Amino acid sequence: MSLVDHLPVLVVIIPLMAGPLCVLVERPLAAWGLALAAAWLSFAAAVALAAQVNGTGVISYELGGWAPPWGIEYRIDTLGSYVLLIVTGIAALVMVAAKESVASEVPEAKVARFYAALMLAFAGLVGIVATGDAFNVFVFLEISSLASYALISMGRDRRALTSAFDYLVMGTIGATFILIGIGFLYMMTGTLNMQDLAARLPEVWDTRTVRAGFAFLTVGIGLKLAMFPLHLWLPNAYTYAPSVVTAFLAATATKVAVYVLLRFMLDIFGIDFALGRMPFEYILLPVGVIGILSASLVAIYQVEVKRLLAYSSIAQIGYMLLGIGLASTTGVTGAILHLFNHALMKGALFLALAAIAYRLRSTSLQDLTGLGRRMPWTMFAIVIGGLSLIGVPATVGFVSKWYLVLAALEQGLWPVALLILLGSLLAVVYVWKLVEAAYLTEPRDDVAVQEAPLSMLIPLWVLVIANVYFGVNTEVSVGLARQAAAVLTGGAG
Amino acid sequence: MNFLPGIFNYLVVVFLMMAGFYVVIAQGNLIKKLVGLGLFQASVFILYITMGNLAGGRAPIVVEGVTAYSSPLPHVLILTAIVVGVATTAVGLALAVRIHEAYDSVEEDQIHAEDIAADEALMNAETTGREDGRR
């Protein structure tokens with residue numbers, strides 16, 4: 001076997017190995033170099049995998065040469081390769097910006113261990129997407145979660161510690177719920193392989209055990225992806241974590257959780273069970289809509305920009321849940337597209353905040369005054385990211401909201417379409433607050449502020465340009481999302 | 001009462017799970033929360049091990065005359081889950097130690113009160129700072 005055949009596992013192994021190595025090399029610069037190399041190698045592997053999946057279809061990799069369903073299978077399909085691209089791409093870009101930002105926010109003695117934890121969190125997220133084994137999902141989820149608790153606790157504010165602890169408690173409950181759910185499925189089918197599960201579940205659909213498993217999985221994954229009433233850990237965790245960690249987690253962790261939801265509900269249980277036999281859409285639609293509106297409203301009243309964007313993240317997750325809840329190919333396409341687009345937007349916005357935090361040591365709204373003149377490139381990136389968040393045409397945010405509105409109208413649910421638009425209007429309000437502070441107020445002259453260093457501006461602007469590029473040239477992203485959605489929904493409607 | 005022996009383990013699981021979950025929610029002490037979390041996780045271990053058992057089944061070693069074996073797979077899975085549980089507790093306790101260093105307390109109420117006090121102190125400092133600037 002050549003190296004190319006091992007790509008599905010290499011994409012996970014590279015960051016997993018880089019983690020301990022970072023601890024061993026100890027020196028901050030060397031650890032950063034290692035992490036950077038690992039992230040880019042992993043990204044290259046993901047690109048190669050995506051090309052391969054596009055050319056030859058689903059890739060199945062037998063770990064250790066044991067044939068599935070007995071052995072563990074790594075399975076990359078269109079959806080998987082799409083999410084892999086997002087996660088590794090964001091990680092690669094964030095790593096470039098990490099050097100300066102981490103050096104200014106994390107004590108030097110801890111920098112190497114910081115990168116080690118970041119690599120482990122990254123490896124866990126990639127592993128969740130690559131694996132085709134239900135129990136593996138739990139293990140990788142815990143690898144990435146434990147690493148992210150440690151990462152969040154490294155924030156400068158002491159409240160980072162308590163928010164990491166809260167996240168640990170809620171995250172562990174979520175993960176344990178997922179474990180219980182997987183246990184119930186195993187009880188009824190005797191298998192852990194996802195494809196095998198999907199094939200065997202219809203025989204035992206009408207048992208209470210499977211229904212209980214479904215419920216446990218829904219709540220567990222809901223906790224992980226900050227589904228509306230289960231989102232309480234997210235605002236604090238994002239606010240007090242080091243800026244780079246916020247940018248990385250906001251753009252990847254919740255996206256991977258949405259992927260897990262799609263994988264379990266639509267692929268393993270199947271759309272007939274999730275939406276036909278269980279009232280999944282009656283849960284997801286209201287939860288999505290309430291999430292969008294309430295989180296957007298709360299976002300408007302925030303004075304700390306990081307927290308504002310964290311609440312906006314919860315709202316954006318609402319859009320994805322709504323798309324899944326609409327249960328049509330268009331709706332799921334919209335959800336997958338929004339997953340991709342939101343990673344681009346929030347990646348850009350939180351990286352811009354990292355740049356601001358690097359110069360100002362603060363990200364509160366009142367310190368943003370007049371920054372449009374002091375840090376023009378950074379602030380302009382925030383404006384474009386904000387426009388994308390609102391969903392202005394020619395940005396990615398427009399494309400995914402277009403599909404969501406379309407899906408809602410397809411089913412005659414025009415109130416839902418209206419609520420999506422209302423959510424956008426609320427986004428206008430909180431994005432306007434940023435613009436107003438940055439451009440329409442006089443700069444404070446007591447502090448000298450320069451533009452952020454190039455190593456942070458370049459990844460930031462790559463993401464900003466991606467926001468515009470994929471907003472205009474929708475062929476690739478929409479094509480892939482539609483293909484993945486068609487597979488998930490069985491090509492129906 | 002014939003069914004009891006068959007579901008006894010599951011009753012234990014449900015009791016432990018709910019007790020652990022209750023402790024996590026009701027206790028304000030961070031260490032007690034972690035104890036509850038450990039209990040909660042332990043209940044799931046028992047759930048998995050129980051489901052691997054087969055009435056009349058033997059250990060999965062090929063011996064002549066034995067046809068029914070208990071499934072060994074849940075045991076293996078739960079070994080992994082136990083490791084995860086230990087790691088979670090370790091990270092949680094480490095965080096509790098750091099929280100104690102930063103706040104001098106592991107009681108949720110007190111930590112919350114200290115945060116609010118710190119916020120207010122900061123706001124006061126800022127307003128006086130601005131007034132000073134005006135003068």
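Note: hydrogens, waters and symmetry copies are ignored here, and every other heavy atom, side chains too, is used. Quick note on labels: first sequence line is chain A, next is B, and so on, each numbered from 1. All values derive from a computational prediction rather than experimental measurement.
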Requested in this report: Examine whether an atom of B/Ala90 lies under 4.5 Å from a heavy atom of chain A, and if so say whether it belongs to the side chain, the backbone or both; otherwise answer neither.
Outcome: neither
Requested in this report: Measure distances from B/Val91 to the heavy atoms of chain A and classify the residue's part below 4.5 Å as side chain, backbone, both or neither.
Outcome: both
Query raised in the report: For chain B, which of A/Leu168, A/Val169, A/Leu192 has the most heavy-atom pairs under 4.5 Å?
Result: A/Leu168
Query raised in the report: B/Ile111 versus chain A, heavy atoms under 4.5 Å apart: side chain, backbone, both or neither?
Result: side chain
Report task. Return yes if a side-chain donor-acceptor contact under 3.5 Å exists between A/Thr239 and A/Glu304, otherwise no. Result -> no
Query raised in the report: chain B heavy atoms under 4.5 Å from A/Asp166: which part of the residue, side chain, backbone, both or neither?
Result: side chain
**Report entry** B/Thr88 versus chain A, the contacting section by heavy-atom distance below 4.5 Å
**Finding:** both
Report summary line: The interface call for A/Phe135 against chain B, heavy-atom contacts under 4.5 Å, is side chain
Report summary line: Of A/Thr172, A/Ile143, A/Val139, the largest count of non-hydrogen pairs under 4.5 angstrom with chain B goes to A/Thr172
Report task. Specify whether B/Phe40 and B/Phe21 have parallel, tilted or perpendicular ring planes, treating 30° as the upper limit for parallel and 60° as the lower limit for perpendicular. Result -> parallel
Report task. Measure from the side-chain N and O atoms of A/Gln302 to the backbone N and O of A/Val298, and report whether any donor-acceptor pair falls under 3.5 Å. Result -> yes
Query raised in the report: Within 45° of the ring axis of B/Tyr103 and under 6.0 Å from its six-membered ring centre, is that where the NZ or CZ of A/Arg158 lies?
Result: yes
Query raised in the report: Are the side chains of A/Ser364 and A/Val303 in touch, meaning some heavy atoms are under 4.5 Å apart?
Result: no
**Report entry** Proximal component of A/Leu141, with respect to chain B [non-hydrogen, under 4.5 Å]
**Finding:** neither
**Report entry** A/Asp196 versus A/Thr191, side-chain donor and acceptor atoms under 3.5 Å
**Finding:** yes
**Report entry** Student check: side-chain heavy atoms of A/Leu197 and A/Asn193 closer than 4.5 Å
**Finding:** no
Query raised in the report: If only atom types and distance count, is the side chain of A/Lys224 paired as donor or acceptor with the main-chain N or O of A/Ala253 below 3.5 Å?
Result: no
Query - Heavy atoms from other residues, nucleotides or ligands near OH of B/Tyr22 exceed 12 (cutoff 6.0 Å) - result: no
Requested in this report: Measure up the A/Phe177 and A/Phe216 rings against each other and bin them: parallel (under 30°), tilted (30 to 60°), perpendicular (over 60°).
Outcome: perpendicular
Query - Heavy-atom pairs under 4.5 Å with chain A, option from B/Val84, B/Leu77, B/Leu37 with the top count - result: B/Leu77
Query raised in the report: Non-hydrogen atoms of chain A under 4.5 Å away: do they reach the side chain of B/Ile99, the backbone, both or neither?
Result: both
Report summary line: chain A shares the most heavy-atom pairs under 4.5 Å, among B/Gly92, B/Ala94, B/Ser43, with B/Gly92
Query raised in the report: Does any heavy atom of chain A fall under 4.5 Å from the side chain of B/Glu108, the backbone, both, or neither of them?
Result: side chain
Query raised in the report: If contact means a heavy atom pair closer than 4.5 Å, which residues of residues 68-76 of chain B contact chain A?
Result: B/Ser71, B/Leu73, B/Pro74
